[in-house]
2 protein chains.
Amino acid sequence: MTHLTNSQVDISVDCVVFGFDGEQLKLLLIDQKLPETGNLSPEVLQIALPGDLMNAGESLDACAARVLKELTSLEGIYLKQFYAFGDPNRVSDLKDQEWLRSFRVNPERRVITVAYYSLVKMDDYVPQASSFASSAKWTDIQDVPELAFDHNDIADKAIAVLRQELTTKHIGFELLPEKFTLSQLQTLYETILDKKLDKRNFRKNIKKMDQVIPLDEKQQGVLHKPAQLFRFDRDANENVKEE
Amino acid sequence: MTHLTNSQVDISVDCVVFGFDGEQLKLLLIDQKLPETGNLSPEVLQIALPGDLMNAGESLDACAARVLKELTSLEGIYLKQFYAFGDPNRVSDLKDQEWLRSFRVNPERRVITVAYYSLVKMDDYVPQASSFASSAKWTDIQDVPELAFDHNDIADKAIAVLRQELTTKHIGFELLPEKFTLSQLQTLYETILDKKLDKRNFRKNIKKMDQVIPLDEKQQGVLHKPAQLFRFDRDANENVKEE
DNA sequence: GTTATAAAGTGTAAAAGACACACTAACTTA
DNA sequence: TAAGTTAGTGTGTCTTTTACACTTTATAAC
């Protein structure tokens, strides 16, 4: 039994950030623009999940929160670790070294990434015309292009986990504005689960949850019957299970 | 934004190995005996989850399989990644350096661990009177002592995950011998879920699964009516969901 | 071989939950 | 005031889950 000290390993955290615009489930992706390197191809553009190498004194959770904050200035966002990706060649096999360095990746090292998924109310973050080298964009989940490294695998797994979690935990609300209608909520569920739901049965189920609270307010500016607005109260005692 | 290259990080894999003896859920734990270090306490004994630092060219999954194999000689065992633990002080804060070195941990480095849980048919591995410095023992889940590092947290999370998975996937069989009775299976479920189940309803549910196949064989050597034996076929098409 | 012991094995009825289904109400704009 | 559009609501059927008790079949002891 020989045990290498694996000083060649770096840890990164990648975040699969979900948003919802009322119609489509979206991912927040980063345009990574390579600086022109003279004799190489004029400009290489690579798209990736937001992520970063972990800092020295930082926990994984803190690193994920930092990545999200540096990108969007948002704090207190729903953020959950879901898997660690550690194939030895997930980074360095694939691409030439210049390209890797643009991600601050040292091609001599292995990178293990711990992946988080995050649920963001899309209104809370509108990407700016970027002054940086890299800029973020919301992208339809349908239209996710080929991503850097194994980021497509990571995103796929995140979607599977999200789908799973949506049916067991009440996390859908994290993707909607503070005030929302039941139709919006239903559309969200239908989009993520990729199937039609029955309106009446859906509403029956939702109204069983004590956490969904009707407001004294209606939707405005729509050209049809305005809908009741609701809010979600994370702290309401759901179905009071004691013992 | 400063980005440290975190060359101080090591990756380890820890395995929470579950077994079942017909009565109790068990964990496979390692006795880590410290060599006597002269003027320090005569012998320090520390108990831990089996685990190891990841080797250079190794994937996380491969590392977990290797840990399990080096310990038990078993291969092809049910093994599943469930969480990565990365608090900056999960290792080095706690103990003195001699102690750490006995785990091959360099106290100057951080260790991120990726945790797997594993389901083993207990008969397949009977711990040997150990010739090594460390030896493995099956321990009742009730009686798990204080473990090294944050291994109690890891074990607790593994149990929670196991409980969860048991209700959604058919993994209980991994803990039983090839041939088992329905009573054994029920006891297993009752032990893990920590609640009584109704015999008739339980059997109805099990018999819905096409994967549970009755054998032409009965339990032997019991002083009462012998039970029908069954085996579990991972590959039987369960409930034939097409479309 | 009769009896005591111990777990195996089996069905049904009631309750709860899931599902299918169609019309009226309320607002906006032309 | 009529047309367009989405909101909002209840009931019956079917499926699933739950609660519940007695008979069978082996062994061991007498």
Side-chain angles (χ1 to χ4, degrees), chain A residues 20-24 166-170 172 176-177 179-191 193-210 212-232 238-241 243, chain B residues 20-24 166-170 172 176-177 179-191 193-210 212-232 238-241 243:
Chain A
F20 182 67
D21 67 354
E23 304 255 312
Q24 281 297 315
L166 188 67
T167 59
T168 55
K169 293 165 196 159
H170 301 145
L176 292 176
K179 301 172 182 181
F180 56 86
T181 70
L182 295 184
S183 296
Q184 287 171 334
L185 185 61
Q186 182 173 348
T187 306
L188 170 65
Y189 271 74
E190 290 179 338
T191 306
L193 302 178
D194 195 29
K195 64 176 176 192
K196 277 272 158 214
L197 300 172
D198 179 84
K199 183 158 51 154
R200 283 182 281 197
N201 294 333
F202 181 78
R203 289 160 109 96
K204 254 180 279 178
N205 288 327
I206 295 299
K207 291 194 171 165
K208 269 190 280 191
M209 304 183 201
D210 297 325
V212 179
I213 296 162
L215 300 170
D216 286 336
E217 225 176 319
K218 309 220 151 178
Q219 207 180 20
Q220 294 197 328
V222 286
L223 53 162
H224 54 77
K225 178 171 175 178
Q228 172 74 247
L229 288 168
F230 294 80
R231 70 185 176 84
F232 182 73
E238 203 229 335
N239 283 351
V240 196
K241 267 184 204 160
E243 185 247 1
Chain B
F20 182 68
D21 68 354
E23 303 256 313
Q24 281 298 313
L166 188 68
T167 59
T168 55
K169 293 164 197 161
H170 301 146
L176 291 177
K179 300 171 181 182
F180 55 86
T181 70
L182 295 185
S183 295
Q184 288 172 332
L185 185 61
Q186 182 173 349
T187 306
L188 171 65
Y189 271 74
E190 289 179 337
T191 305
L193 302 178
D194 194 29
K195 64 176 178 194
K196 277 269 159 219
L197 300 172
D198 179 86
K199 182 157 55 155
R200 283 182 281 197
N201 295 334
F202 180 79
R203 290 162 108 97
K204 253 179 280 176
N205 288 327
I206 296 299
K207 292 195 171 163
K208 267 190 282 190
M209 303 183 200
D210 297 326
V212 179
I213 296 161
L215 300 170
D216 286 336
E217 224 176 317
K218 308 221 154 179
Q219 205 180 21
Q220 294 197 329
V222 287
L223 54 159
H224 53 77
K225 176 171 177 179
Q228 171 75 247
L229 288 169
F230 293 80
R231 68 182 178 84
F232 182 74
E238 201 229 337
N239 283 350
V240 197
K241 266 181 203 161
E243 182 248 3

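This is a predicted model, so every value here is computed, not measured.
Between A/L182 and A/K207, some side-chain heavy-atom pair lies under the 4.5 Å cut-off. Side-chain contact check for A/Q184 versus A/F230: every heavy-atom pair is 4.5 Å or farther apart. The side-chain heavy atoms of B/R231 and B/P177, taken from C-beta on, include no pair separated by under 4.5 Å.
For B/K207, whose side chain is taken as the heavy atoms from C-beta onward, the closest listed nucleotide among C/dT10, C/dA18, C/dA7 is C/dT10. Minimum atom distance to the side chain of B/A227 is reached by C/dA8, of the listed C/dA8, D/dT18, D/dT6. Distance from the side chain of A/K225 is smallest to C/dA26 among D/dC20, C/dA20, C/dA26. Of the candidate nucleotides D/dA28, D/dG10, C/dG11, D/dG10 has the atom nearest to the side chain of A/N201. If you check D/dA26, D/dG8, C/dC27 against the side chain of A/R203, the one that comes closest is D/dG8. Listed nucleotides D/dG8, C/dC19, C/dA18 differ in distance to A/K208; the shortest reach to its side chain belongs to C/dA18.
Note: CD1 (A/I206) to C1' (D/dG8) measures 15 Å, nearest angstrom. Distance B/Q219 CD to D/dT25 C1': 12 Å, rounded to the nearest Å. Distance CD (A/E217) to C1' (C/dC27): 17 Å, rounded to an integer number of Å. If you take NZ of B/K218 and P of D/dT24, they are 14 Å apart, rounded to a whole angstrom. The CD atom of B/Q220 sits 9 Å away from the P atom of D/dT27 (whole-angstrom rounding).
Across all strands shown, B/S183 has heavy atoms under 4.0 Å from sugar-phosphate atoms exclusively, and none from any base. Among the protein residues, B/Q228 comes within range of the sugar-phosphate backbone only, with heavy atoms under 4.0 Å from sugar or phosphate atoms but none that close to a base.
Taking for each of A/F230 and A/H224 the nucleotide of DNA chain D with the nearest heavy atom, the 5'-most of the two is the partner of A/H224. The 5' end of DNA chain C is approached more closely, in terms of each residue's nearest nucleotide, by B/D198 than by the other of A/N205 and B/D198. Two residues, A/L182 and B/L223, neighbour DNA chain D, and the one matched to the more 5' nucleotide by heavy-atom proximity is A/L182.
The two residues B/D198 and B/R200 have their closest heavy-atom pair at OD2-N, 3.1 Å.
Within the 4.0 Å cut-off from OP1 or OP2 of C/dG11, not a single side-chain nitrogen or oxygen of B/K199 is found. Between A/R200 and C/dA20 there is no side-chain polar atom (N or O) within less than 4.0 angstrom of OP1 or OP2.
At a cut-off of 3.5 angstrom, counting only N and O atoms as typed in the model, there is a donor on one side and an acceptor on the other between the side-chain of B/K204 and the base of C/dT12.
Here the side chain of B/Q186 pairs a donor or acceptor atom with the backbone of B/L197 at under 3.5 angstrom.
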